[in-house]
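First up is the structure itself, then whatever we jot down about it.
Below, chain A is the first sequence line, B the second, and so on; all start at residue 1.
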Number of protein chains: 2
Amino acid sequence: MATIKDVAEKVGVSVTTVSRVLNNRGYLSEDLKRRVHEAMKELNYQPNELARSLFRKKSNIIGLIIPDISHPFFGEFAKHVEEQAYKNRYKILLCNSQLDNKKELDYISMLKASQVDGIIMGSHTLDTEEFTSINLPLVTLDRQLSDSIPYVSADHYKGGVLATKLLIRKGCRKIAHISGNLKLHLLAKTRYDGFMDTIKKAGIPHVVVETDLNGFKYHEYEQIVADLFRDHPDVDGVFASSDVIAAQVLKECRRLGKKVPDDVKVIGFDGIKLGEFITPELSTIQQPIKEIAKTSVKLLIDQINGKEVQRENILPVKLLEKETT
Amino acid sequence: MATIKDVAEKVGVSVTTVSRVLNNRGYLSEDLKRRVHEAMKELNYQPNELARSLFRKKSNIIGLIIPDISHPFFGEFAKHVEEQAYKNRYKILLCNSQLDNKKELDYISMLKASQVDGIIMGSHTLDTEEFTSINLPLVTLDRQLSDSIPYVSADHYKGGVLATKLLIRKGCRKIAHISGNLKLHLLAKTRYDGFMDTIKKAGIPHVVVETDLNGFKYHEYEQIVADLFRDHPDVDGVFASSDVIAAQVLKECRRLGKKVPDDVKVIGFDGIKLGEFITPELSTIQQPIKEIAKTSVKLLIDQINGKEVQRENILPVKLLEKETT
DNA sequence: CTGAAAGCGCTAACAT
DNA sequence: ATGTTAGCGCTTTCAG
């Protein structure tokens, strides 16, 4: 790898001068610029970002911690985060926590040691205290932590209400909610709150089962859904906490010979792009994933640049009524 | 951020000594170690990896370039790459190329400038010459480039043969193959070759349509599949080049009132984990995604460590026969 | 307008 | 066993 010194020697100037044309600082004659750029090209020179970052105390790297990149929601989120980061000349260090507390902590250390400029936290197995010690620009996805850390989230409560009201309106008499993890203090939990508030007000029999206790294990959904219909064969409406789970419900209904939406009505959550193609018939509550990603990156970069940012960022959800309700 | 100097001052030793205990080199008294570690803890000290990397000329970062992290195949691939990298204490810089040539080139520059130790290339819009100038440990996914660059791939040819043979055996009289991009010189193209060799030998009428000309645009699949059945209503077997496309075929069959597998038999490709839950009935050719990822990371790290590696790494596929055939 | 020198945080000879 | 010094590649005062 050629260094700035090689370029300087080749042109016959000092490294300072080369650095100047590299950063376009001060007055440089056009001729000099041309010669330097030529030498750079010839030597196939690339400035060493490590050295630059060390000096500037700014790496232009953002850490992205999520539970599982292969989960369609996070895959889509990550894609948009990358897109926005790229536009702002930031790089993404990808951290898949698998909702493993040890790994999550370890990644935070690694990110700090790597001098990332900020972190987008989409995985939340940590306690509040562990967070506040991070001491780095931070944005959390779907989780409200301390007063100082901004968070971005869809309006899960509203989503829960919309989904439940739809099932009620469509005449369901016993409604099941398959929730995500309720213990992680995620804002996604308010889907559950929206469900409970609405269903209690309507006085309709209901049942709740919880998933994702140990990460996103698709094969666990299979068992959970099967158990649900075995224990409650009279359930005629299901509000699932993700489109992936909803797809699992549809599958089980097919297996049991229950007609959707005649015998059982099903609504999912997330509105992942992939779902539109794989289960296009599924009614769902759509999260504005791209907007969530955009907002997250913007809030982070604003913080990195020392700007004040808004703490609460709740983005609207949308009911997509299709054929399963 | 505390530096090594702060730790040294606090303990009352030189930075060298602190560096020594940090790296566990030479003889250090237990007492000294204890005192240094204590000071580190108190100061919340983290070694600056930028400085370390600069000195060592090794960043412990791997660049991962893929077309689209939100595509389930690449999401799953990335997840396993991350897992393997993490085990080996490497970090992942995520690059989503969107199959955009300019972005891909730009990312390669950024990765080199960032002093990554190697690159896993899963996106291939570049020419061979552009590659050979990269001059960094490299592993390509699904593409055979120069003699010196190792590649990892599933046995796509075999997959094409297996899928086609299955459709023939099940009595299909006119078979369509919906291929991926055939111009990018990917090994995935040999699915097409396997299809063609097999179908010609059997002398069965067939039709081929190509997708993914401009990246993975799910909504384009919709049109392509609709056109296929409109132009060739007598097609009774479809070999789709991915599970996502196959799901689209199933959807269109439902729309047209064609029964699967009675009227039309459908087989996909990839065998993504998500598919098992969202379209569990789909017959498919399963790629060993985790093994592909593992092999890719291993080959890359071996190269980084100066080992000789095997150039060709073709991993076996598996026919998963379900209900759509 | 250009260069010499110092320093970002860390490690490794080389001494002692 | 520990400290002094130089240097990784770069940028930026500060002189001239």
If only side-chain N and O atoms of B/Thr17 are considered, is one of them under 4.0 Å from the OP1 or OP2 phosphate oxygen of D/dG3? yes

Whole angstrom is fine here: how far is it from CD in A/Gln46 over to C1' in D/dG9? 14 Å

B/Lys91/B/Asp117 ion pair, N-O < 4.0 Å: no

Please state how far atom CG in B/Asn48 lies from atom P in C/dC10, giving the value in whole angstrom units. 5 Å

Between atom CD1 in B/Ile4 and atom C1' in D/dT4, what is the gap in whole Å? 15 Å

Check this one for me: any side-chain N or O of B/Ser14 less than 4.0 Å away from OP1 or OP2 of D/dG3? yes

Once you apply a heavy-atom cut-off of 4.0 Å, does A/Thr16 come out as touching a base, just sugar-phosphate, or nothing? base

Geometric class of the A/Phe73/A/His71 ring pair [parallel <30°, tilted 30-60°, perpendicular >60°]: perpendicular

Hey, is the side chain of A/Lys5 poking within less than 4.0 Å of OP1 or OP2 on D/dC10, counting only N and O atoms? no

Between A/Lys79 and A/Glu82 (salt bridge meaning N to carboxylate O under 4.0 Å), is one present in this structure? no

NZ/NE/NH1/NH2 to OD/OE distance under 4.0 Å, A/Glu38 and A/Lys41: no

For atom CG of A/Asn60 and atom C1' of D/dC10, their distance in whole Å: 15 Å

Taking 4.0 angstrom as the limit, do A/Asp6 and A/Lys10 come out as a salt bridge? no

DNA chain D: B/Leu54 or B/Val15, which has the more 5' nearest nucleotide? B/Val15

Begin with the C-alpha distance, continue with both residues' side-chain angles, and end with the deciding distance and a verdict on side-chain contact (heavy atoms from CB on, under 4.5 Å) for A/Tyr86 and B/Asp106. CA-CA 10 Å; A/Tyr86 180 77; B/Asp106 193 34; 2.6 Å; yes

How long is the line joining CG of B/Asp6 and C1' of C/dC10, in whole Å? 13 Å

What's the CZ-C1' distance between B/Arg52 and C/dC8, to the nearest Å? 16 Å

What parts of residues 20-29 of chain A reach DNA chain D, counting only heavy atoms under 4.0 Å away? A/Arg20, A/Leu22, A/Asn23, A/Arg25

In whole angstroms, how far is the P atom of D/dC10 from the NZ atom of B/Lys57? 9 Å

Nearest-nucleotide pick for B/Ser19, side chain only, options being D/dG3, C/dC10, C/dT11: C/dT11

How long is the line joining CG of A/Leu50 and P of D/dC10, in whole Å? 10 Å

Pairing of B/Asp31 and B/Arg34 as salt bridge, 4.0 angstrom limit: yes

